[in-house]
Amino acid sequence: MRAAPVLVGLLALAGCGPAARAADPAAAARELGAGTPAAACAALRARAVVASGGTAGLEALRARARCRAAAGEAEAAEAAARAALAARPGDAQAHLELALALVARSPRGLPEALVLLRRAAALAPARADVAFLLGTLLLDDEQAAAARPPLERAVALDGRRAGPRLALAVALVEAGDAAAARAALGPVPELDPTPEEVARGRVVCGRLAGWFRGLPEGAVAAYRRAAALLEADLPGQAVAALEELGRARPGFAAAHTLLGLAHLKLGNDARAAAALLRAADLNPDDPTNQVYLGLVYLDRGRAEVAIERLERALALDPFEARATAALARAREGAGATAEAERLYRRLAVLDGGEPATLRAWARVLKALGDQAGAERALLRAVDKEPSSFEAHLELGAIYQARFAGGAPVEARDSAARARRHLRRALELHPGDEAARKLLKSLEAE
């Protein structure tokens, strides 16, 4: 059973490129979600949506179809789309727009929409949007095997967008092809995915881990009781419960994983590592074991082994933020600054741009000589956490250096910015000598 229709869950996440922005579908979608379709859709319904052939513009077309349906214009929209197709029977775009009008009006329009999209795919085999929509609708119709070829085509045509890759991964998971699903998902964190796309990727990777595959309900219930004990900060009781479960179900990999985490809470690193290694042997598809083994080895100073485990975790689940963060720190510590920068950039996508991540990213950007990139990251950090002393201090240092080496007009602006951030840093930490010296150097000029 599917948790949610793929068209809603994936096509809505396809992203907004230039063609989409022309009709502002993102704003329309937000308004629709807030229950105010009239305000959201008025401008969108009136504007022409430019078809680009890529998957970005597809979201604008979908948003317009939804707006028309929400405004009670679904029947008229379908009639207009049918008239357009009658006038242009060889036009793939006319087929696609009628298909969208049909599914926006009613789920009963899905069979005809699939026929139309197959015709559109034959007319325009190089159009990624047609292939993507056909694939997602086939997934909605629980035809995962049939969805795979058009989604593979969409990725081949427009593989630098997250939406087609996520949809393809769903089809591949349904087909039982875990390796191909991971290959499809691998690049997604570096394709500027939305937070919703990141969340969907994590769901797909969770399915690949197969924690409870083939286990009876009683064993799963016992696992959840032990997990509740651990959640309640009762690791000793959790260990007792999990050891009993392990004797009854020695092949239950997730129970060994949880046992390892309980031992970590108790400070028993050796026992934790043994349990996690056992879990990794039993279920090599679960990244959780690799993540925590990597963390244990990092704590023990075994960086090379830790990095190997963390990279294995990311190969299994490219959305694993803990592994990405630990690997970024390990790479930075080893002097691999360029690789650390890539990982911190990726982490800023996965954790939504946490201030600590943005500050770390700025640190390695600065080390690489990218002062402008460091500035952007730190401004984002200050925007998210106005009380971040570290971010204000670093911004003050960047602007002070720019003031010292800039042309007169730029120098004045940089000096003003440096003073503002350094004064804020001193408000947060009045005794900080570094901020005081930087500010004094500005006032001396």
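These numbers come from the heavy atoms of this one structure, side chains and all, not from hydrogens, waters or symmetry mates. By convention here, the first residue in the shown sequence is residue 1.
Closest approach of A323 to L310, counting heavy atoms only: CA-CD2, 3.9 Å. Nearest heavy atoms, L151 versus A167: CD1-O, 3.6 Å. Scanning all heavy atoms of the two residues, the minimum distance from V382 to A391 falls at CG2-CB, 3.6 Å. Contact detail for A254 and F212: the closest heavy-atom pair is CB-CE2, 4.5 Å. For the pair S387 and R424, the tightest heavy-atom approach, listed with the atom from each and the gap, is CA-NH2, 4.1 Å. The minimum heavy-atom distance between L293 and A280, with the atom names listed, is CD1-CB, 4.5 Å.
Counting heavy atoms from C-beta on, the side chains of N289 and Y292 never come closer than 4.5 Å. Using a 4.5 Å heavy-atom cutoff, the side chains of V204 and V173 are in contact. Inter-residue side-chain proximity for K265 and V239 is flagged as unmet; no heavy-atom pair is nearer than 4.5 Å. Counting only heavy atoms from C-beta outward, the side chains of L96 and R127 approach each other to under 4.5 Å. Side-chain contact between L110 and L137: present, with at least one pair of heavy atoms (C-beta onward) separated by less than 4.5 Å. Between R182 and D285, some side-chain heavy-atom pair lies under the 4.5 Å cut-off. Between Q143 and L114, some side-chain heavy-atom pair lies under the 4.5 Å cut-off. Considering only heavy atoms from C-beta on, F132 comes within 4.5 Å of L58 through its side chain.
Side-chain atoms of H256 come within 3.5 Å of backbone atoms of P250 as a donor-acceptor pair (strictly under, hydrogens ignored). With hydrogens and angles ignored, the 3.5 Å screen pairs no side-chain donor or acceptor of R312 with any backbone N or O of P284. Of the possible polar contacts, none joining the N268 side chain to the R271 backbone as a donor-acceptor pair under 3.5 Å is found. With N283 contributing its side chain and A209 its backbone, the two residues share a donor-acceptor pair below 3.5 Å. The closest donor-acceptor contact from the side chain of R359 to the backbone of A381 lies at 3.5 Å or more, if one exists at all. Counting only distance, with no hydrogens or angles, the side chain of R165 and the backbone of L185 share no donor-acceptor pair below 3.5 Å. With hydrogens and angles disregarded, no donor-acceptor distance shorter than 3.5 Å links the side chain of T357 to the backbone of G353. The closest donor-acceptor contact from the side chain of R342 to the backbone of A328 lies at 3.5 Å or more, if one exists at all. In this structure a side-chain-to-backbone donor-acceptor pair under 3.5 Å is missing from H392 to R420. Between the side chain of D286 and the backbone N or O of T288 there is at least one donor-acceptor pair closer than 3.5 Å.
Within the model, atoms SG of C205 and CG of L316 stand 8.5 Å from one another, a figure rounded to the nearest 0.5 Å. Atom CZ of R380 is separated from atom CZ of R376 by 10.5 Å, given to the nearest 0.5 angstrom. Taking CG of L298 as the reference point, atom CZ of R309 lies at 12.5 Å (rounded to 0.5 Å). Rounding to the nearest 0.5 Å gives a distance of 10.0 Å between CD1 of I398 and CG of L393. D129 contributes atom CG, which lies 7.5 Å from atom CG of L61 (distance to the nearest 0.5 angstrom). If you take CZ on R225 and CG on L245, they are separated by 9.0 Å, rounding to the nearest 0.5 Å.
With salt bridges taken as basic N to acidic carboxylate O contacts below 4.0 Å, none links E390 and R363. Under 4.0 Å is where a charged nitrogen must lie from a carboxylate oxygen, and between E174 and R148 no such pair does. Salt-bridge annotation for R345 and E341: present, with a side-chain N of the basic residue lying under 4.0 Å from a carboxylate O of the acidic one. A salt bridge links D413 to R417: one of the charged nitrogens lies within less than 4.0 Å of a carboxylate oxygen.
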query = So L276 and T257, side chain to side chain contact (heavy atoms under 4.5 Å, CB included) or not? Walk me through it.
reply = CA-CA 5 Å; L276 291 166; T257 301; 4.3 Å; yes

* **Verdict with reasoning, V103 to D140, per side chain to side chain contact (heavy atoms under 4.5 Å, CB included)** => CA-CA 11 Å; V103 294; D140 270 358; over 6 Å; no

Go through L138 and R118 one step at a time and tell me if the side chain to side chain contact (heavy atoms under 4.5 Å, CB included) criterion holds. CA-CA 11 Å; L138 285 165; R118 286 190 171 103; 3.3 Å; yes

### Message
Assess the residue pair R331 and I307 against the criterion (side chain to side chain contact (heavy atoms under 4.5 Å, CB included)); give the C-alpha distance rounded to whole Å, side-chain angles, the decisive distance to 0.1 Å, and a yes or no.
### Response
CA-CA 8 Å; R331 291 297 192 194; I307 286 171; 3.7 Å; yes

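Counting heavy-atom neighbours within 6.0 Å of E427 CD, excluding the residue itself, gives a total above 12. When the shell of 6.0 Å around CG of D281 is examined, it contains more than 12 heavy atoms from other residues, nucleotides or ligands.
Using modelled atom types and a 3.5 Å distance limit, the side chains of E375 and Y399 yield a donor-acceptor pair. Side-chain atoms of Y344 and E332 include a donor-acceptor pair closer than 3.5 Å.
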